[in-house]
Amino acid sequence: MVTLKQLRYLAALARHGHFGRAADACAITQPALSMQIRELEQFLGVTLVERRPGEVMLTEIGREISRRAEDVLASARDLVDFARHRARPLTGRLTLGIIPSLAPYLLPRMLPALQSQFPDLQLELRETQTRLLVEEIKGGALDAAMLALPLGEPDIDTMELFDDLFLLAVPASDPRPARRRVAARDIDQSRLILLEDGHCLRDQALAFCATIPRGPSPGATGMTFGASSLATVMQMVAGGYGVTLIPQIAAAVEARDGRVKILRLEDPQPGRSIGLAFRRTSPRKADFAALGDVVKGCVEANGS
């Protein structure tokens, strides 16, 4: 019979595209993983992998079987979760993903509360972009993820946690007083610094900018800069290179730099909805509800 172990090895090979890296991810030797893949091919009577020097490519049927293997593995994890987590919420292992524009600002608030309220929880965290988080939820590598909504994924359910308004971060030398609201039309888009492609915060900022009537800014040359972290963008703002939209949850941390000023935007203020995403078939809905309550409590306690 096909084993879950063989399916796990095939799924790892599909993700990494390399026998060595797949073996490392599965904590076994490369020969052992290769042997299990060959046994799976022999049992199924098909070729799953094209083996080339220094390169691995799944065949067409290999890609389809790998996709189905991910579904089987996710169902197997759900079965185990159903048995293990019926008694008390948030006990045992829980793998949680989180987007980079949220992790450094929410986790320091959330983790102590989780440890205090649920001491038997073994939390494993993964910080990466939304696209990868969604793939890993579907494949069962993650139980849930905190990210910006909506997702529009039919196999994933979501739970809204809190609204996160956008603020305008400008150099401290900006003449506008901190208590004054800024009109969207007054944002100089030629000086707007954004995260690099792939970050949902960039997409949300661009969507907001698309609603702003654009006009030429005398003397503005514009700047192309793609950063992988909000902290890097804020350093560029502090250095006087431009302005950026920053989520409110990050403002308290990033405004500690005296070279930066945070301004509120006029109503209706733009923002994003932060939520929890998880597989529709997951049996851990009670865990996710308990986790959501902790997050909401932490955000409300800090006023953002």
Side-chain angles (χ1 to χ4, degrees), residues 4 7-17 21-22 25-26 58 63-86 89-104 106-107 110-111 114 118 121-162 164 195 197-204 272-296:
L4 290 177
L7 296 182
R8 185 164 67 91
Y9 295 166
L10 178 63
L13 189 59
R15 283 195 300 273
H16 296 281
R21 290 193 293 271
C26 296
L58 267 64
R63 289 193 295 271
E64 176 62 18
I65 290 177
S66 171
R67 185 190 66 78
R68 291 174 181 247
E70 293 278 16
D71 293 339
V72 172
L73 292 168
S75 296
R77 292 187 189 94
D78 288 346
L79 184 150
V80 174
D81 288 342
F82 174 75
R84 287 182 175 174
H85 303 284
R86 293 190 65 188
L90 291 179
T91 58
R93 178 173 174 264
L94 187 141
T95 55
L96 179 68
I98 186 167
I99 53 176
S101 61
L102 191 60
L106 180 59
L107 291 181
M110 183 185 84
L111 295 181
L114 279 175
F118 302 98
L121 174 65
Q122 301 165 14
L123 187 65
E124 297 182 10
L125 293 168
R126 161 93 159 121
E127 178 186 343
T128 191
Q129 297 177 10
T130 297
R131 176 183 58 82
L132 296 175
L133 293 178
V134 169
E135 290 177 0
E136 292 177 15
I137 292 173
K138 289 180 177 179
L142 290 175
D143 294 310
M146 283 189 289
L147 34 69
L149 303 178
L151 286 181
E153 293 284 343
D155 297 328
I156 293 181
D157 278 343
T158 58
M159 174 193 306
E160 292 187 7
L161 298 177
F162 62 93
D164 195 15
L195 291 168
D197 286 340
H199 289 268
C200 60
L201 185 59
R202 174 189 176 88
D203 297 336
Q204 293 150 3
R272 60 181 182 173
S273 176
I274 298 298
L276 195 65
F278 44 88
R279 288 188 308 281
R280 181 157 294 180
T281 57
S282 175
R284 303 188 68 174
K285 303 293 197 308
D287 283 342
F288 304 144
L291 177 61
D293 288 341
V294 171
V295 172
K296 292 175 187 176

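Side chains are part of it too, since the values below use all heavy atoms of this structure and drop only hydrogens, waters and symmetry mates.
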| task | Starting from the C-alpha separation in whole Å, work towards a yes-or-no answer on side chain to side chain contact (heavy atoms under 4.5 Å, CB included) for Asp203 and Thr130. | result | CA-CA 11 Å; Asp203 297 336; Thr130 297; over 6 Å; no
| Do you know the tightest heavy-atom contact between Pro100 and Thr128? | CD-O, 3.2 Å
| task | With sequence neighbours left out, write down each residue that passes salt bridge (Lys or Arg N to Asp or Glu O under 4.0 Å) with Arg68, or none if nothing qualifies. | result | Glu64
| field | Spacing of Thr281 atom OG1 and Arg77 atom CZ [to the nearest 0.5 Å] | value | 11.5 Å
| query | When rounded to the nearest 0.5 angstrom, what distance separates CD1 in Ile65 from CG in Leu7? | reply | 9.0 Å
| message | For Leu149 and Leu147: C-alpha separation, side-chain torsions, deciding distance, then whether side chain to side chain contact (heavy atoms under 4.5 Å, CB included) applies. | response | CA-CA 7 Å; Leu149 303 178; Leu147 34 69; 3.9 Å; yes
| task | Indicate yes or no for a side-chain donor-acceptor contact from Arg279 to the backbone of Leu142 under 3.5 Å, with no hydrogens or angles considered. | result | yes
| task | Over all heavy atoms of both residues, which pair between Lys296 and Glu160 is shortest? Give the atoms and the distance, please. | result | CE-O, 3.7 Å
| Donor-acceptor contact present, side-chain Arg272 to main-chain Ala148, <3.5 Å | no
| said: Suppose we screen for ring pair (Phe, Tyr, Trp, His ring centres under 6.0 Å). Which residues come up paired with Phe118, at least two apart in sequence or across chains? | reply: none
| Between atom CE of Met146 and atom CD1 of Ile274, what is the distance when rounded to the nearest 0.5 Å? | 9.0 Å
| message | Which heavy atom of Leu133 sits nearest to which heavy atom of Gly97, and what is that distance? | response | CD2-CA, 3.7 Å
| Got a sec, which residues hit salt bridge (Lys or Arg N to Asp or Glu O under 4.0 Å) with Asp71, two or more places apart in sequence or on another chain? | Arg67
| remark: Value for CG (Leu114) from CG (Leu121), rounded to nearest 0.5 Å, stands at 6.0 Å
| query | So, Asp143 side chain and Leu96 main chain: donor-acceptor pair closer than 3.5 Å or not? | reply | no
| request: State whether the number of non-hydrogen atoms from other residues, nucleotides or ligands found under 6.0 Å of Leu125 atom CG is greater than 12. | output: yes
| query | What pair of heavy atoms forms the shortest contact from Ser101 to Leu201, and how long is it? | reply | CB-CD2, 3.9 Å
| Ile99 side, atom CD1; Cys200 side, atom SG - distance, nearest 0.5 Å | 3.5 Å
| query | So, are Asp155 and Arg280 salt-bridged, with charged N and O less than 4.0 Å apart? | reply | no
| field | Pairing of Arg15 and Glu70 as salt bridge, 4.0 angstrom limit | value | yes
| query | Hey, does the side chain of Asp157 reach the backbone of Phe278 with a donor-acceptor pair shorter than 3.5 angstrom? | reply | no
| request: Considering non-hydrogen atoms only, spot the tightest contact between Ala286 and Pro89 and give its length. | output: O-CB, 4.4 Å
| task | Begin with the C-alpha distance, continue with both residues' side-chain angles, and end with the deciding distance and a verdict on side chain to side chain contact (heavy atoms under 4.5 Å, CB included) for Leu94 and Phe288. | result | CA-CA 10 Å; Leu94 187 141; Phe288 304 144; 4.3 Å; yes
| message | Please give me the minimum heavy-atom distance between Ala144 and Ile137, naming the atom from each residue. | response | C-CD1, 4.2 Å
| field | Side-chain heavy-atom pair Arg126, Thr95 within 4.5 angstrom cut-off | value | no
| field | From CA spacing to verdict: side chain to side chain contact (heavy atoms under 4.5 Å, CB included), Leu58, Ser66 | value | CA-CA 9 Å; Leu58 267 64; Ser66 171; 3.8 Å; yes
| query | Hey, does the side chain of Thr158 reach the backbone of Ala277 with a donor-acceptor pair shorter than 3.5 angstrom? | reply | no
| request: Kindly compute the distance separating CG (Leu106) from CG (Leu161), expressed to the nearest 0.5 Å. | output: 8.5 Å
